[in-house]
Amino acid sequence: MRPMKQTSDISAVLIEWYGRHFRPLPWRETSDPYLIWLSEVILQQTRVAQGLDYFRRFASRFPDVRSLAAATEDEVLKLWQGLGYYSRARSLHAAARRVAERFDGVFPTGYDDVRSLPGVGDYTASAVCSIAYGQPCAVVDGNVYRVLSRLTDADVPTDTAAGKRYYAERARSLLDESRPGLHNQAVMEFGALQCVPANPDCECCPLRDRCLSLARGTVADRPPKREKKAAVPRYFNYLHVRCAGSTLLAKRTGRDIWRNLYEFPLIETPRAVDFGELQRTARWREWFDEAGDVRVSGMLPMPRHVLSHRVIHACFYRVDLPTWPAGLSSFLKVLSSEISRYPVSRLTELYLERGE
DNA sequence: AAGGCGGGGGC
DNA sequence: GCCCCAGCCTT
């Protein structure tokens, strides 16, 4: 039997604040662990405003874990299209299938079982178990890091093993074990709306008298920011190849961005190249040397596409062929009207939205 | 421990 | 531009 932990009155302040400021959100109106899990995966590294419509669409199309398990990965990725971090969608689908098989379609209730699902780490397992089941698990996410770092003026980086231990322990000591779901959501909402990263309005903060970093003037430096990595440029030359009302797609299967999404035939080059250089690449010759009358009608440069640590310089060439050459036989031939059925990256989506 | 993995919104 | 978001996984 564990000794009863003293509940901090900071938790009470945050919960009181939460009662007056919380945003009404659809996943706060259910106790279904499946829907709460779904919301937590969607919200990983994603703002509420960005994930809200995705949650609505997923909850509508896949109202339970069995329907999600019964879908194809392509359909799940298509519904996820545009949200980013696509491994979340692949893991979500794989986890649903595991629940269907190993747990007989019933979302597990034990922390370790939940934590064992693909795409579920310490944060998501704690969030689901506390919110859906009332289990005393303290969540630690980006909001919690910031709130804790400021309250205690902790100069501890969050992206180290020691830092994670430190904040996890602080979060545990702050947790109100009698209402862990409410407590966790209160801390996160507080971080999202009041204790914001930049220019927080500390004058009206309910914790202004107990915030050590406010007293010391270090709010802007908490938590300590990690050093930024330089964005590595990549050069993508896409070929929108058309022949007899069809076009070509390929599935990205490598360990790279946009894994399992579809795209036009791609020639990646180590630097920006013009059409003349592109034609001299081995790939172009492999694909088109035997192709007869190749008509390239234009090149559409795209704006720089910025990812977290990549900046993609992309352009799309439109290539019209009289017949399909053998060099392109490994691609999927897709009716032009059917392209929209395939999950694609935001970059390709933007190109397609430009139309003809 | 470090790096890969998206996309968008706020300043 | 830069920061960072209800993180997780691989190496």
Side-chain angles (χ1 to χ4, degrees), chain A residues 18 22-23 25 27-28 36-55 77 80-92 94-95 115-128 130-131 137-147 157-165 167-168 171 181 183-193 195-200 220-232 234 252 254-261 303-312 343-350:
Chain A
Y18 180 72
F22 77 94
R23 295 165 287 185
L25 296 167
W27 50 86
R28 289 179 172 158
I36 291 167
W37 165 62
L38 173 64
S39 74
E40 293 301 341
V41 175
I42 286 174
L43 292 173
Q44 287 167 10
Q45 291 290 285
T46 302
R47 293 171 192 280
V48 166
Q50 190 186 359
L52 189 51
D53 282 332
Y54 284 88
F55 175 83
L77 282 170
W80 199 272
Q81 181 177 304
L83 193 55
Y85 282 147
Y86 298 92
S87 66
R88 291 183 292 168
R90 299 191 304 269
S91 295
L92 185 79
R115 177 67 176 78
S116 75
L117 296 172
V120 175
D122 290 335
Y123 165 77
T124 301
S126 296
V128 171
S130 64
I131 296 169
C137 314
V139 300
V140 185
D141 75 332
N143 293 305
V144 177
Y145 281 137
R146 188 169 54 256
V147 172
T158 59
D159 55 353
T160 64
K164 289 183 197 320
R165 280 194 300 276
Y167 291 107
H183 167 95
N184 281 333
Q185 294 188 79
V187 181
M188 292 190 284
E189 193 80 334
F190 180 76
L193 300 181
C195 196
V196 293
N199 308 317
D221 302 319
R222 300 290 178 264
K225 38 179 90 57
R226 28 178 215 261
E227 56 224 89
K228 51 181 187 279
K229 316 141 254 194
V232 177
R234 297 179 69 172
R252 293 182 64 88
R255 285 216 284 258
D256 196 2
I257 58 172
W258 304 328
R259 184 175 185 181
N260 288 12
L261 270 58
R304 290 186 322 151
H305 191 72
V306 180
L307 281 51
S308 301
H309 49 294
R310 298 281 182 267
V311 51
I312 297 174
V344 299
S345 69
R346 186 78 183 112
L347 173 65
T348 295
E349 186 186 11
L350 288 170

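Every chain is numbered from 1, with letters handed out A, B, ... down the list of sequences.
Protein atom CG of A:N143 is 8 Å distant from nucleotide atom C1' of C:dC5, rounded to whole Å. Atoms CG (A:L43) and C1' (C:dC5) sit 10 Å apart, rounded to a whole Å. The CZ-C1' distance, from A:R23 to C:dC5, rounds to 11 Å in whole Å. What separates NZ of A:K228 from C1' of B:dG3 is a distance of 18 Å, to the nearest Å. One can place CG of A:D159 at 10 Å from C1' of B:dA1, the figure rounded to the nearest angstrom. Taking atom NE2 on A:H183 and atom C1' on C:dA6, their separation rounds to 14 Å, with Å as the unit. Here the P atom of nucleotide C:dC5 and the CD atom of A:E189 are 14 Å apart, to the nearest Å.
Across all strands shown, A:W27 has heavy atoms under 4.0 Å from base atoms, whether or not it also approaches the sugar-phosphate. In this structure, A:S91 reaches neither bases nor backbone, as no heavy-atom distance under 4.0 Å exists between it and the strands shown. If you check every strand for non-hydrogen atoms under 4.0 Å, A:V144 touches nothing.
Summarising the geometry, atom CD1 belonging to A:I312 is positioned 13.5 Å from atom CZ belonging to A:R346; distances are rounded to the nearest 0.5 Å. Atom CG of A:L307 sits about 9.0 Å away from atom CZ of A:R234, to the nearest 0.5 Å. Interatomic distance, CD of A:E189 versus OH of A:Y18, reported as 5.5 Å (0.5 Å rounding). Remark: A:S87 OG to A:L92 CG distance equals 11.0 Å, nearest 0.5 Å.
Annotation: A:R304, atom CZ; neighbour count of heavy atoms from other residues, nucleotides and ligands within 6.0 Å does not exceed 12.
Comparing the same atom, P, in B:dG6 and in C:dT11 gives a spacing of 16 Å after rounding to whole Å. Using P as the reference atom, C:dA6 and B:dC5 are 23 Å apart when rounded to the nearest Å.
When the nucleotides B:dA1, C:dG7, C:dC4 are ranked by their closest atom to the side chain of A:D141, C:dG7 comes out on top.
Pairing each heavy atom of A:V144 with each of A:D141, the nearest pair is N-OD1, 2.9 Å. For A:R88 against A:L83, the heavy-atom pair with the smallest separation is NH2-O, 3.4 Å. Here the closest heavy-atom approach between residue A:V344 and residue A:Q81 is recorded as N-OE1, 3.0 Å.
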Review point. If pairs are Watson-Crick or G-U with both distances under 3.5 Å, what is the dot-bracket string of DNA chain B, marking crossing pairs with [ ] and pairs to another strand with |?
Key: |||||.|||||
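Both A:D122 and A:K225 lie close to DNA chain C; mapped to their nearest nucleotides by heavy-atom distance, the more 5′-ward contact belongs to A:K225. Residues A:G119 and A:P223 both approach DNA chain C. Their nearest nucleotides, taken by heavy-atom distance, put A:P223 toward the 5′ side.
A donor atom on one side chain and an acceptor atom on the other are found under 3.5 Å apart for A:Y123 and A:E40.
Between A:R304 and C:dG1, a side-chain N or O to OP1/OP2 separation shorter than 4.0 Å is present. Residue A:R146 has a polar side-chain atom (N or O) positioned under 4.0 Å from OP1 or OP2 of C:dC5.
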Study note, to complete from the structure: Quick tally for nucleotides 5-11 of chain B: nucleotides whose base has a protein heavy atom under 4.0 Å get B, sugar-phosphate-only ones S, the rest -, giving BBBBB-S
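No hydrogens or angles were tested; on distance alone, a donor-acceptor pair under 3.5 Å links the side chain of A:R28 to the base of C:dA6.
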Practice item. Evaluate side-chain contact (heavy atoms from CB on, under 4.5 Å) for A:V120 paired with A:W37, printing each intermediate quantity in order. Key: CA-CA 9 Å; A:V120 175; A:W37 165 62; 3.5 Å; yes
